[in-house]
Structure formats: C-alpha cells, structure tokens
Amino acid sequence: MTLHLFNTLSGQLDELVPADGAELRMYVCGPTVYDYGHIGNFRTFLEVDVLRRFLKLMGMRLRHVMNITDVDDKIIRNAAAAGIPIGEYTPKFVDAFFEDLESLRVERPEAIARATEHIDKMVELIQKLAAAGAAYQVEDGSWYFRLAAFPEYGKLSKKDLSGMEDGARVDVDEYEKDSARDFALWKAAKPGETAWETAIGRGRPGWHIECSAMAMEYLGESFDLHAGGEDLMFPHHENEIAQSESVTHKPLARHWMHVRFLLVDGKKMSKSEGNFYTLRDLLLKGYKASAIRMALISVPYRHQLNFTFDGLTEATNAIDRLRTFHQRLSQTSFGPGESDAIQVAAHKARAEYFDAMANDLNTAEARAPIFDLLRTANTAIDKGQFLAGDRDAVLKVLADFDAVFDVIADRDAEPTKRALAWAEQAGRQADVAPELLARVALSDDDIENLVAERTQAKKLRNFARADQIRNELLDKGVVIEDSKDGVRWKRK
RNA sequence: GCACCGGUGGCGAAGUGGCUAACGCACAGGUCUGCAAAACCUGCAUUCGCGGGUUCAACUCCCGCCCGGUGCUCCA
C-alpha cells in the first residue's frame, strides 16, 4: 500500500514514495518565532504529523526537516521594542513552540534548522545566484532575485504572471529594483538593526532564501516532499523554487503538500477580528489538548476547517467514547478463544481505515470504520459473545488508529498542568477557567478515596450518601460508572 | 476585478452516475441499573444551495445563478 497524496505541483493525487527507495526526505516550513503559536499554525503542524505518523505506520523511514525562522522583520521589531537583541528575544518562543507541539502530541522532525545558524549557506546560495545572473545588488546593498531569469516562475501556484505588469500596487520605495516583482534575497542593514558581516555585505537574509538554503543543506538539491500552509504556496514556495532551481536546474521537491487554512467562526483568524486563539488560550479555558488535536485533524487537510468551541466539545465527547471503550476492553474479563464475527469485523475495519488514510489522508473517512468496530464489539460484549482473542484483535486496530490520531491514551494532565504553570508565570491567571482549577485541585488519590467510600456506602445500601459522593465528583469533572467488573471512573 | 475552494439531517463531516446517502456529536423513546453512568436497540436527510441540460438513471457530469470562504500583499 502506498499513500496517494495530492501534489500541488502536478495538480493531482500522486504516490508518495522516496526517490531513493529507502528514506522519504521532506522539508516543512516551520514557525517564525516572534510570538506564541496560534491554533492556525498548529493545524499545519498537526496535519504534517498525521502524514508523518501514517507513513511510519506503513513502514516508511523518514528524514523530516523543519526550519525555525528566528530572524525577520517582526522579530527585529518586537525585540527592539523589548530592548533586547533578537538572540535573547526568540529562545522563549522557540521553547514555547516545542512545548506546544508536545502538548498536541506532534512528533519532532528528525532535524530542526535555525535560520541564524545557517547564514553562511544562504550567502553561498546568493553568490551562486549572482554568478548565474539571477541575483543583483542594488544601491543600498540589498540583493534581489531577478524574476526574468526564471521563466518557469508560477508553475507551483499556477499563476499567470504575464498580466501582472509592473505598475499597480508597487511599493514605491523599491524603485531600485529592476522589476517590481523581484523579491529580496538579502536585506542590507539599516542603522541599529541586527546584521551579519558577510562576503555579500552587511545585512540579513530574506525569508525565502532561508528555506532554500537549509532545505538543500539537509536534504540535497532535490528531495521528495515539501510541505507548508496554503498561504506559503505563493509567493514563498514559488520563490524557493526559483532560487533553488536557478542554481541546480533540478526540481527542488518532487511533491508539494499544502494544508488549507483554519477559520474561526467562518472567518480567517486575526487579532483584529477578535477570533485569535493560541493553544494556551484554549488550555486555560479548560479544553483538553487531545480534543484540540482531534478537532483539528478530523477534517481532512485539503479542506478549510472551521474552528468552533462546539467542535471542541464534539471532539471531547468522541474521544470519551473511544477511551471508555478502550477501558472496557482492557478491564473486562473475557472467555478464552475468538469469534469469527469479531475477527472479520476487526480485519475489515483495519483495511478500511488504511484505505481511507492512503487516499490523501482522509481522516474523516478513516474514523468511520473505527467507530463501526466499536459498536460491533460493544454489542458482542453485551451479548457475552466477545472472547479474549477478540480483545487482542480489536486492540490492535485501535493501536493502528492511535498510531496516527494519538488521542485514546489519556495524556491530557501534563499539558493542562504546564499551561496553568505558565499562566501563573506570565500573569494570565485571570484567563484560567474556574472549573479547571477545581478539577486539577482533585488528585487521583482523593478520587480513589471518595470512590471507595461510595462503594462502602452502597454496600450498606446508604444510597443517599453514595449519590452525594457521585454528584460531588461529577461537579469536579469525574464520572463514575458501576459495572460488573467493579467501579470505573474517569475525568471528563 | 481575476483565480481557486465549498454549499449534504439540529451541528460537524464522508461519499458515489444506479444497492437502505458513512461516521461523530446532539436530541427522543426503550433495555439494563437501587438511581445513574456506560453500553445496546429504535427513531431522527423520500433528500444532498437554486434553475436548466445530458442520461434509461444525477446529490454525483455540463451550463447559468445565488450564498459563504480563501488567494492575488507579511501570514500556518
């Protein structure tokens, strides 16, 4: 089985396979670390994580590189406002970014490349471009890419630039450029700005050249897959292609994946619209990291996703159903042997799950057979027709599901705890939902003690006291379930 | 303005030229339970934005229209 993934470059579903037959080499545009990441950022990284995990599940080896843009206009501006060098400004946000990825269970790429640690590679690339006649320097010392030197420009985004003549909507300050659409490779230092002394002058790299230089440094001149948010398709990726291929005359990447935008309440997220959320904002409101992950990956990556709080609640409840089922399978004792019906159902579910994922990562479709199997198994358990061997078969399917989705195992306590600690340190206590505080104040031991007390009360048929305890726990987000195999509890 | 994407039950969301239009959430009734919860059963779109057309047959293909979103500029 191979993954058929939509390829922006070819405009169709293409098989995604390593060119060398051994290891898939992929590059993903990472964050610009000028602030905390918002959920739109994380949608892209979550979808790439889905891709990663599914490829690994199919047995593929990966070499996945992600960059960190730790120098750019916004960073320079924010650092200046804070009165510190950018090297002191960005680490906090780099750390926060990785902490957030961890909360969302996004796997780390095999390599992380920071822009500021690869300035020399960027300079080299610009020199090569200059030698090839594709780069030129203007009066103030900045370097630009000569679009006229790359006739294929526009092949990724399918833009016809012929009609877009120089003229309208041109930044009048940039009259030094040969053509209005030529883009910056290197920005000459203005007084007081962060800059590097290099062979091509004193300044800092443009954004696009970073990715070209680092991608080729880590993955070679031509690699398998390049991914990023849909907004990067033009001009960022188009520019990467132009810069790289003008020098190498080889395709930078064979396959291009673009994750579509996340909208909030039907609109693009923006601070001015007031619909802007970071991961931390949501955690402090009491939403679980797993619910956020589930909500963001359940809509296939090639569709816009409309984020709502109702959607988070739905995801929370769907995960609860999966977790309850998993708990039931693990904690119930079954008779020996296996049943044909369940074995067949498990095989079918697994096959349908893989088919859906292999078809352009259709996560929405992939969920269906899992829930189908869940119901089939529950029904069999209710009827006493579910055997020990069936448990193993069904757990195996759930494991394959969770190898990608990673929401069944409950690891929600840590992210919440971290977010609360951060809120305190960042002075954001006012944003913490009161219910959340009540919940975290209750330890597992407290719960166990209360559950034991309730069981004792029930035994004495003191139902009033038993119900009182149950309601008390429910108020703090703990649900109790009585079953033949004992009492189960879980945090809502 | 140009380009692209979408409009499927209360909500989210798959999907196919022709079997009963997945799945999740929510809701209603029932079974189980001391009561619950969980689980299961039943119900919940004679219908897939609107109007034409092609076809034996369209939600699925074509044309037009309406609505929503995004891109064309820094942006995941």
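All values below come from the heavy atoms of this structure, side chains included, with hydrogens, waters and symmetry mates left out. Predicted model, so just to flag it, every value in this text is computed and none were measured.
Mapping A:Lys267 and A:Pro369 onto RNA chain B by nearest heavy atom places A:Pro369 at the nucleotide closer to the 5' end. Along RNA chain B, the nucleotide closest to A:Asp372 and the one closest to A:Val479 are compared, and the more 5′ of them pairs with A:Asp372.
Side-chain polar atoms of A:Glu240 and A:His236 form a donor-acceptor pair below 3.5 angstrom. A:Asp100 and A:Tyr36 share no side-chain donor-acceptor pair at under 3.5 Å. Between the side chains of A:Thr316 and A:Lys288, not a single donor N or O lies within less than 3.5 Å of an accepting N or O.
Among the nucleotides B:C23, B:C25, B:A14, the one closest to the side chain of A:Ala368 is B:C23. With B:G34, B:A76, B:A13 as the candidates, the nucleotide lying closest to the side chain of A:Thr32 is B:A76. The listed nucleotides are B:C23, B:A36, B:C25; the one nearest the side chain of A:Arg470 is B:A36. In the set B:C5, B:G34, B:G71, B:G34 carries the atom at the smallest distance from any side-chain atom of A:Lys458. Closest approach to the A:Pro300 side chain among B:G69, B:A76, B:A14 is made by B:A14 (side chain taken as heavy atoms from C-beta onward). Nearest nucleotide to the side chain of A:Glu230, out of B:A76, B:U70, B:A26: B:U70.
Between the CD atom of A:Glu481 and the P atom of B:C35 there is a distance of 17 Å, given to the nearest Å. When rounded to the nearest whole Å, the span between CZ of A:Arg375 and C1' of B:U42 equals 12 Å. In this structure, A:Leu156 places its CG atom 15 Å from C1' of B:A3, rounding to the nearest Å. When rounded to the nearest whole Å, the span between CD of A:Glu314 and P of B:A14 equals 12 Å. Between the CZ atom of A:Phe371 and the P atom of B:A14 there is a distance of 15 Å, rounded to whole Å.
Across every strand in view, B:C48 sits unpaired, with no contact that passes the Watson-Crick or G-U test at under 3.5 angstrom.
The aromatic ring of A:Phe463 is stacked on the base of B:G34, with the two ring centres less than 5.5 Å apart and the planes inclined by under 30°.
A salt bridge links A:Arg470 with A:Asp467: the closest approach of a Lys/Arg side-chain nitrogen to an acidic carboxylate oxygen falls below 4.0 angstrom.
The base of B:G34 sits within donor-acceptor range of the side chain of A:Asp467, with an N or O pair under 3.5 Å.
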